[in-house]
Amino acid sequence: MALVEPIVDALNRGGVRYVIVGGLATVLHGFPRLTADIDLVVDLQPAEARRAIEALLRLGFRPRPPVDPYDFAEIVRRKGGGP
């Protein structure tokens, strides 16, 4: 849980609309389960997605592929269109 708390704190401070899902959500509801990742669902409206991206970037998270993380906030780019 040591990694979860800073992420949740950053998202909350950033006013991000999100929900934790998957294995971690199960653990947070009190059911033991091994999990090594955090599954987040964020509001995909451009301004909301940008807030999530900014919060995660401030914590030092970066995409592994060489892409601009802010492209995820742009609907057309996220769907594979545009320059």
Side-chain angles (χ1 to χ4, degrees):
M1 292 297 186
L3 181 60
V4 175
E5 291 170 354
I7 292 172
V8 168
D9 183 55
L11 293 172
N12 289 342
R13 280 186 287 114
V16 177
R17 290 174 40 127
Y18 72 98
V19 63
I20 297 172
V21 298
L24 181 59
T26 302
V27 171
L28 293 173
H29 279 282
F31 297 94
R33 178 169 178 200
L34 294 175
T35 186
D37 63 352
I38 300 172
D39 299 307
L40 296 171
V41 175
V42 299
D43 185 333
L44 292 180
Q45 292 301 312
E48 295 290 333
R50 273 191 288 283
R51 282 201 288 271
I53 293 163
E54 289 165 359
L56 294 171
L57 289 173
R58 279 193 297 274
L59 290 176
F61 290 99
R62 300 286 183 271
R64 286 187 180 174
V67 297
D68 181 349
Y70 288 99
D71 283 351
F72 184 75
E74 302 304 323
I75 296 168
V76 172
R77 297 288 293 163
R78 189 171 58 241
K79 290 183 177 184

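Residue indices begin at 1 and follow the sequence shown.
With salt bridges taken as basic N to acidic carboxylate O contacts below 4.0 Å, none links R51 and E54. K79 has no carboxylate O lying under 4.0 Å from a charged side-chain N of E74, or vice versa, which leaves the two without a salt bridge.
L40 pairs in a side chain to side chain contact (heavy atoms under 4.5 Å, CB included) with only one of the listed residues (V19, I20, V8), which is I20.
Within 6.0 Å of the CZ atom in R17, the count of heavy atoms belonging to other residues, nucleotides or ligands does not exceed 12.
Closest approach of V42 to A52, counting heavy atoms only: CG1-CB, 4.0 Å. When all heavy atoms are compared, the tightest approach of P6 to L59 is O-CD1, 3.7 Å. Counting all heavy atoms, side chain and backbone alike, A55 lies closest to A10 at CB-O, 3.7 Å.
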Under the criterion side-chain contact (heavy atoms from CB on, under 4.5 Å), I'd like the reasoning laid out for R78 against L44: C-alpha separation, chi angles, the key distance, then a yes or no. CA-CA 10 Å; R78 189 171 58 241; L44 292 180; 3.7 Å; yes

Are Y70 and R77 close enough, and set up right, to give a side-chain contact (heavy atoms from CB on, under 4.5 Å), and what steps lead you there? CA-CA 9 Å; Y70 288 99; R77 297 288 293 163; over 6 Å; no

Any chance you could lay out the side-chain contact (heavy atoms from CB on, under 4.5 Å) test for V16 and E48, step after step, and finish with the verdict? CA-CA 6 Å; V16 177; E48 295 290 333; 5.5 Å; no

The test is side-chain contact (heavy atoms from CB on, under 4.5 Å); show your working for I7 and V4 and say whether it passes. CA-CA 5 Å; I7 292 172; V4 175; 5.8 Å; no

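The cluster map of Ile, Leu, Val, Met, Phe, Trp and Tyr, joined by side-chain heavy atoms under 4.5 Å apart, puts I75 and V67 in different clusters.
Side-chain atoms of V41 and Y18, non-hydrogen and from C-beta on, never get closer than 4.5 Å to each other.
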